[in-house]
Amino acid sequence: MTGTDWGALGVNLAAAAATAGAVLLATFAIAVRRGLHRLVDIAWGLAFAAVAAVTWLLSAGHGDDGRRLLVAAATLLWGLRLAAHIAHRSRGHGEDPRYTALLDKARGNRTLSALRTVYLGQAALVWLISLPVQAASYSSAPLDALAYCGLALWATGLVFEAVGDHQLARFKADPANRGRIMDQGLWAWTRHPNYFGDSLVWWGLYLLACTAWQPALAVL
């Protein structure tokens, strides 16, 4: 075992849930006021960044400093880049048709349905998906070869996401490509390099949590 303070981790799990909930509830309030639920897509990356920052602060003195800093920085960079990209992409656009279609099927109050199915649901997912970030931060094991493999996997995923998003944005900006399917660059190798990259990012963070007991928690 790695001498983990389970009590401190339990406090972190609760704090992470509260943090994710706070970010999504704040976004809900802004979205309702503006009548624009697509803002939740921006909050997705911000919520992970907030959880990573809170976890880094709370885990001080409980986990290996190198591992804590690495996992926090990796999550912050991923989350903030994603939020910035989506904010730029959606600037000047109206509501996302996906949310319109979802809420058109809602029974009862649309606003309460949005809160329940979109915002609280995503807050719960942020907490669940961020378990590797939280678990890794409470491991006292120093960085090892597996951790550096995780970092390499994370970096590969981030490059796939960022480059794929850039290539798609450039493709869609060209009027000559209207109605065409993107099949160039990374998109010639994988149908969705941004989603593929996202999966690599989180498997990389999972490897950073693989010390002794952490995999059992983080694999979820």
Side-chain angles (χ1 to χ4, degrees), residues 1-24 42-86 123-165 193-220:
M1 300 295 287
T2 55
T4 299
D5 187 336
W6 285 90
L9 178 57
V11 170
N12 198 108
L13 291 170
T19 300
V23 172
L24 270 299
I42 301 172
W44 178 251
L46 294 178
F48 281 104
V51 167
V54 168
T55 296
W56 180 75
L57 290 171
L58 292 180
S59 62
H62 300 287
D64 176 72
D65 286 342
R67 192 179 296 270
R68 288 176 53 245
L69 180 60
L70 184 59
V71 75
T75 309
L76 281 164
L77 181 58
W78 170 81
L80 294 178
R81 188 214 71 86
L82 181 61
H85 168 71
I86 294 177
L125 283 173
V126 168
W127 180 85
L128 179 66
I129 296 170
S130 68
L131 286 178
V133 176
Q134 299 180 64
S137 300
Y138 284 84
S139 170
S140 61
L143 294 171
D144 53 13
L146 188 60
Y148 289 113
C149 286
L151 178 62
L153 193 61
W154 169 88
T156 302
L158 187 68
V159 168
F160 259 82
E161 278 195 71
V163 172
D165 285 338
N194 40 14
Y195 294 152
F196 173 69
D198 188 67
S199 69
L200 294 185
V201 162
W202 284 96
W203 277 114
L205 290 171
Y206 168 72
L207 291 182
L208 279 165
C210 285
T211 53
W213 58 267
Q214 283 84 351
L217 173 64
V219 74
L220 292 174

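Sequential numbering from 1 along the given sequence is applied to the chain's residues. None of these values were measured; they are calculated from a predicted model.
- The side-chain heavy atoms of D198 and W78, taken from C-beta on, include a pair separated by under 4.5 Å.
- The two residues A49 and L76 come nearest to each other via the heavy atoms O-CD2, 3.3 Å.
- S199 places a side-chain N or O within donor-acceptor distance of the main-chain N or O of F196, the cut-off being under 3.5 Å.
- Two residues are said to be in side-chain contact when any heavy atoms from C-beta on lie closer than 4.5 Å; W202 and V133 meet this criterion.
- Of all non-hydrogen atoms in S137 and S59, the two that sit nearest each other are O-CB, 3.5 Å.
- When atom types are taken as modelled, the side chain of R67 and the backbone of S140 share no donor-acceptor pair closer than 3.5 angstrom.
- The heavy-atom pair separating S130 from V51 by the smallest distance is OG-CG1, 3.7 Å.
- A8 meets the side chain to side chain contact (heavy atoms under 4.5 Å, CB included) test with D5, H62, Y138; sequence neighbours excluded.
- Counting only heavy atoms from C-beta outward, the side chains of W44 and I129 approach each other to under 4.5 Å.
- Taking all atoms of both residues into account, the shortest heavy-atom contact from A43 to V23 is O-CG1, 4.1 Å.
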- Item | Residues W154, L77; criterion side-chain contact (heavy atoms from CB on, under 4.5 Å); working and verdict | CA-CA 11 Å; W154 169 88; L77 181 58; 3.6 Å; yes

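- Rounded to the nearest 0.5 angstrom, L200 CG and L205 CG are separated by 11.0 Å.
- Within the model, atoms CZ of F48 and CG of L125 stand 7.5 Å from one another, a figure rounded to the nearest 0.5 Å.
- Scanning both residues, L70 and L208, for their nearest heavy atoms gives CD2-CD2, 3.7 Å.
- L207 contributes atom CG, which lies 14.5 Å from atom OH of Y148 (distance to the nearest 0.5 angstrom).
- A20 approaches A123 most closely through the heavy-atom pair CB-O, 3.7 Å.
- Residue L82 holds its CG atom at 9.0 Å from CG of N194, rounded to the nearest 0.5 Å.
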- Item | W127 vs L13, side-chain contact (heavy atoms from CB on, under 4.5 Å): CA-CA, chis, key distance, verdict | CA-CA 8 Å; W127 180 85; L13 291 170; 4.0 Å; yes

- Item | R81 and E161: CA distance, side-chain angles, deciding distance, side-chain contact (heavy atoms from CB on, under 4.5 Å) verdict | CA-CA 10 Å; R81 188 214 71 86; E161 278 195 71; 3.7 Å; yes

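- For the atom pair T19 OG1 and L24 CG, the distance stands at 11.5 Å (nearest 0.5 Å).
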